[in-house]
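Every number for a ligand or one of its atoms is a count from 1 in the order of the listing.
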Amino acid sequence: TAIHRADYTAPAYWIDTVELVFDLDPAKTRVLNKMRLRRNGDVAPQALRLDGEELNLARVLVNGQGTSFKMDGNQLVLENLPEGPDAFDLEIFTTCNPAKNTKLMGLYVSNDSFFTQCEAEGFRRITYFLDRPDVMASYTVTLRADKAKYPVLLSNGNLVEEGELEDGRHFAKWVDPHKKPCYLFALVAGQLVAREQRIRSRAGKDHLLQVFVRPGDLDKTEHAMNSLMASVAWDEARFGLPLDLERFMIVATSDFNMGAMENKGLNIFNTKYVLANQATATDADFSNIESVVGHEYFHNWTGNRVTCQDWFQLSLKEGLTVFRDQEFSQDLAGSPSARAVKRIEDVRVLRTAQFPEDAGPMAHPVRPDSYIEINNFYTVTIYEKGAEVVRMMQTLVGRDGFAQGMKLYFERHDGQAVTCDDFAQAIADANPQSDLARLLPQFKRWYSQAGTPRLHASGQYDAAARTYTLSLTQSCAPTPGQALKDPFVIPVNLGLLDAQGQALPLQLAHWAQAETGTRTFVLTEASETLTFVNVDSAPVPSILRDFSAPVVLDYAYTDTELLTLLAHDSDPFNRWEAGQRLALARALKAIQGDSDLAQTPVLDDAYLDAMRQVLADPTLDAAFKELVLTLPSETYLAEQLDVVDPQRIHAVREAMREQLATALQTQWQQAWEDNRDTGGYRPDPVSSGRRALAGLALTQLCVAARRSGDTVWPGKAFQRFKDAANMTDRFNALSALVISGHELAAPALSRFHALFKNEALVIDKWFSLQAGAPDHGGHVLPAVRQLMTHPDFNLRNPNRARSVIFSYCSANPGAFHRSDAAGYVFWADRVIELDAINPQVAARLARALDRWKKLAEPYRSAAREAIARVAAKADLSNDVREVVTRALAD
Ligand code: ARG
Ligand code: ZN
């Protein structure tokens with residue numbers, strides 16, 4: 001049944017303190033939970049209803065006495081509690097089975113260690129509780145376990161006592177100095193080792209930072225520790241937010257549903273976002289680790305000190321914290337060009353993952369109004385679109401104004417559980433003269449209306465009057481449950497160029513003087529017109545610079561205009577965007593036509609020349625070139641079409657890739673020669689950009705070789721694969737062979753496996769590369785089935801399941817969408833199979849067919865049939881049920 005935001009009521013009881021004692025045992029862990037509660041005087045007297053799931057209840061005492069209670073579904077109901085405002089003690093004793101906990105929510109065992117995951121509603125799988133974020137308590141936690149098997153015992157806060165017990169057991173007692181909602185509770189127990197670092201803050205406080213991993217992984221923790229130190233320093237410098245704990249711990253586990261979790265003082269991470277050294281991790285891994293370590297650390301203020309009133313407010317902490325981690329990575333990147341590269345990468349994620357979500361059956365506002373399973377709402381909309389909403393606020397109040405707003409937010413709400421309204425209000429109130437303050441109620445439509453707005457722009461130059469008129473019109477298509485949308489507040493960053501690419505001054509009629517550079521125009525109406533005066537020549541508009549709003553921009557750019565922007569725009573984002581638009585126009589034309597791709601080239605000389613120039617331009621960074629030279633993804637192309645033929649899209653994009661490879665061979669060779677050697681490994685933006693470009697060049701040279709039958713480049717790639725001094729270069733070389741479909745791919749893959757058989761994260765890459773490989777005559781699906789029988793495959797491990805199944809179903813459209821429907825049959829079988837083990841992971845996989853209604857026949861009917869088969873299963877989890885029900889709704 002659905003839960004509605006409008007139904008929120010304050011809790012009937014508060015829990016002030018919690019004392020937990022754990023006797024840890026894989027098959028039967030005993031949990032003693034002593035709470036001090038009091039009635040919430042603001043709410044009518046009523047029974048206490050505590051959430052619990054898969055618990056064995058042994059004892060309930062109120063003020064030390066036995067009491068009557070009943071069960072109502074999963075809730076423990078206590079009706080005869082002391083009346084009046086005084087606090088009382090409630091003691092609950094339960095047991096649970098962490099070894100059998102394959103959902104990885106609550107307390108579970110991974111590689112013989114204990115871990116917890118409580119967000120969103122996992123604490124109820126540990127003990128009976130008011131499992132909601134607006135109930136904040138002080139925690140004291142005692143862990144008891146066998147000392148030989150579990151030498152390290154961790155929980156939130158400070159270690160206040162430890163010692164020996166009988167029978168080879170020991171204990172540790174932890175006190176968290178900060179009140180917290182139960183979703184931030186954590187414990188860890190096992191054989192772990194730590195990298196430690198002592199730091200002194202700007203304010204002169206000393207802190208201990210620790211990164212815990214399994215013995216043997218310590219040599220892969222340096223980067224995570226560096227990222228953590230950089231995060232602490234950054235939050236203090238940029239927002240004045242210090243570390244508020246003596247000890248801050250990160251623990252890595254290889255069984256984890258998501259990326260990581262910001263438990264107070266005890267972050268628990270997927271190993272994928274902690275472990276890295278140059279031999280096992282790529283540049284992308286290093287950069288993800290920096291982001292995720294930053295993200296979880298930044299939650300310490302945005303999420304933990306100020307938390308969410310209810311789960312509908314999830315983006316209050318997630319959107320804001322993604323914004324903060326994006327800003328962190330940009331600030332660390334340093335140069336304007338490196339900042340732009342990060343921005344382009346972030347926008348690419350938004351447009352390839354969030355825009356489809358916003359246009360599909362799971363579309364929801366940044367602040368949803370209802371849900372069935374909250375775990376289904378840890379989405380790119382809540383996270384990435386939520387971050388864009390925060391970014392627009394910063395654009396509207398300025399960087400300093402935004403910092404002021406953050407300051408006011410913490411002055412008002414530190415220690416509270418609040419709403420998205422409270423956040424927006426604080427930013428606006430700190431900037432009373434701003435457009436945000438003026439437009440706040442309308443601005444907040446970004447929180448309440450789902451769907452991606454389209455911004456339609458058209459320009460008119462009047463040479464005689466020397467005016468340029470830019471008309472802006474916004475619209476937003478219906479989404480489930482929201483037929484009509486009101487206009488959004490859209491900040492449009494704008495600049496004008498002349499035909500030679502020089503910046504033109506901007507002047508509206510009522511302005512005293514002209515401005516140069518970028519100006520932000522705030523669109524609030526459905527349609528508005530800007531008339532610029534004193535315009536000497538027909539301008540090329542550079543609209544939505546730095547992607548100033550999460551919208552689709554429609555402007556009928558000519559090729560000439562796009563070539564001007566690509567070559568000259570001062571805004572690197574729009575330079576890149578111009579290149580993408582040039583490629584997109586050609587791709588769409590070929591996809592919608594029915595030409596024989598072997599006869600009719602998709603790319604023309606104008607485009608190829610432009611790309612040649614970009615590659616050869618000595619003023620551009622390698623990282624930027626690599627982004628420009630990467631074609632729009634198949635998923636992005638599909639989103640631009642009303643009817644999607646995945647095979648045609650795949651064929652066109654492959655043809656484009658091949659043409660680009662062949663026509664630019666000289667430049668690819670030069671790019672390879674210039675960038676193949678980046679010296680001693682450092683994962684900085686400049687050298688990782690050079691490795692990325694060298695990698696793309698090598699792939700393109702192998703693709704061109706496939707065409708010509710030449711064996712030199714595949715041979716070089718194989719050599720590179722063998723000799724590479726870091727994983728980035730090695731994996732890029734391996735990918736070049738796999739992507740170009742060369743016969744050397746097979747020996748390289750088996751060699752790769754042999755080299756890294758003991759490195760789980762590298763073996764994930766090995767699986768993923770094969771499951772995501774370009775399809776040659778339908779070979780990928782049988783290969784995927786074969787991979788699932790490999791001794792290293794394990795469906796219970798989320799990273800491994802994702803590396804094979806998701807890489808195929810969600811990241812390889814050309815191989816997944818088969819005309820014989822076998823891809824969909826495989827998908828349905830895996831959704832059902834996974835659902836019995838881990839509903840959260842299953843529900844993510846279920847979303848692979850979100851966009852089925854756009855598919856051309858025979859794909860569409862086959863996809864519907866597969867979804868219907870899943871939906872027909874009687875005992876589905878809420879997670880999967882919600883996804884497939886919405887997919888089938890009209
Ligand atoms: N709050 C975590 C983060 O974004 C994500 C935890 C989500 N976990 C879940 N089971 N839904 O950093
Ligand atoms: Zn988060």
Side-chain angles (χ1 to χ4, degrees), residues 53 101-108 110 115-126 131 133 156 180-186 224 227-228 231 235 250-253 255-270 272-274 288-308 311-329 349 366 368 371-387 390 420 423 798-799 802 838-844 847 877-880 882-883:
E53 213 180 277
N101 184 357
T102 58
K103 296 179 179 169
L104 310 182
M105 287 296 283
L107 179 64
Y108 64 92
S110 160
F115 297 91
T116 54
Q117 170 60 35
C118 293
E119 187 180 2
E121 297 178 334
F123 194 70
R124 64 186 62 183
R125 298 168 58 79
I126 297 175
D131 192 355
N156 319 81
K180 64 170 176 286
C182 65
Y183 81 87
L184 293 174
F185 166 82
S227 302
L228 180 57
S231 304
D235 217 8
I250 286 177
V251 189
T253 172
D255 291 283
F256 204 75
N257 283 344
M258 314 271 286
M261 180 63 213
E262 70 264 22
N263 317 298
K264 186 79 191 187
L266 180 57
N267 289 182
I268 297 179
F269 273 60
N270 188 325
K272 183 174 165 59
Y273 298 110
V274 175
N288 289 337
I289 288 168
E290 178 185 286
S291 294
V292 179
V293 167
H295 180 96
E296 305 312 329
Y297 177 76
F298 303 140
H299 267 314
N300 192 46
W301 281 93
T302 49
N304 301 2
R305 287 289 285 253
V306 181
T307 194
C308 301
W311 290 120
F312 297 102
Q313 318 298 328
L314 182 57
S315 196
L316 169 74
K317 73 179 179 80
E318 295 304 346
L320 175 54
T321 305
V322 170
F323 169 77
R324 275 151 55 69
D325 83 53
Q326 291 176 347
E327 290 288 286
F328 166 63
S329 293
V349 170
V366 169
Y371 59 74
I372 290 175
E373 172 51 63
I374 184 58
N375 284 321
N376 283 333
F377 289 81
Y378 285 73
T379 58
V380 276
T381 298
I382 303 293
Y383 278 66
E384 272 71 22
K385 186 177 181 182
V390 174
C420 298
F423 176 75
N799 286 357
R802 285 187 277 256
N838 188 328
Q840 262 184 62
V841 174
R844 294 285 150 155
R847 301 219 28 208
S877 66
N878 278 342
D879 308 56
V880 170
E882 181 171 33
V883 171

Show the atoms of ligand 1 that are less than 4.0 angstrom away from any heavy atom in [X].
X      : value
Glu262 : 1 (N), 2 (C), 3 (C), 12 (O)
Gln117 : 8 (N)
His295 : 3 (C), 4 (O), 12 (O)
Glu296 : 3 (C), 12 (O)
Lys317 : 1 (N)
Met261 : 1 (N), 2 (C), 6 (C)
Ala260 : 2 (C), 3 (C), 5 (C), 12 (O)

* Taking 4.0 angstrom as the limit, do Arg324 and Asp235 come out as a salt bridge? -> yes
* Asked: Any Lys/Arg nitrogen of Lys385 or Glu318 sitting under 4.0 Å from an Asp/Glu carboxylate oxygen of the other?
  ->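 No, this pair does not count.
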Shortest protein contact, [atom] (heavy atom only):
atom                    : result
atom 1 (N) of ligand 1  : Glu119 OE1, 2.5 Å
atom 5 (C) of ligand 1  : Tyr383 OH, 3.4 Å
atom 11 (N) of ligand 1 : Asn375 OD1, 3.1 Å

* For the residue pair Phe123 and Phe185, does the interplanar ring angle fall in the parallel (under 30°), tilted (30 to 60°) or perpendicular (over 60°) class? -> perpendicular
* In terms of ring plane angle, is the pair Phe377 and Tyr371 parallel, tilted or perpendicular, where the classes change at 30° and 60°? ->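 Plane angle between 30° and 60°, so tilted.
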* Assess the side chains of Thr321 and His295: does a donor N or O sit below 3.5 Å from an acceptor N or O? =>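 On atom types as modelled, these side chains do not qualify, holding no pair under 3.5 Å.
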* **Residues Asn156 and Asn263: side-chain donor-acceptor under 3.5 angstrom** => no
* Asked: Taking N or O atoms only and a 3.5 Å limit, does Gln840 qualify as a polar contact for ligand 1?
  -> yes
Which atom pair, heavy atoms only, marks the closest approach of [X] to [Y]?
X      : Y      : answer
Ala120 : Ile374 : CB-CG2, 3.7 Å
Ala224 : Ile289 : CA-CG2, 4.0 Å
Leu316 : Cys420 : N-SG, 3.8 Å

* Close approach of Asn257 to ligand 1, heavy atoms, under 4.0 angstrom ->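 Contact absent.
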* What is the NE2(His299)-the Zn ion (ligand 2)-OE1(Glu318) angle, to the nearest 10 degrees? ->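 With the Zn ion (ligand 2) as the vertex, the angle is close to 100°.
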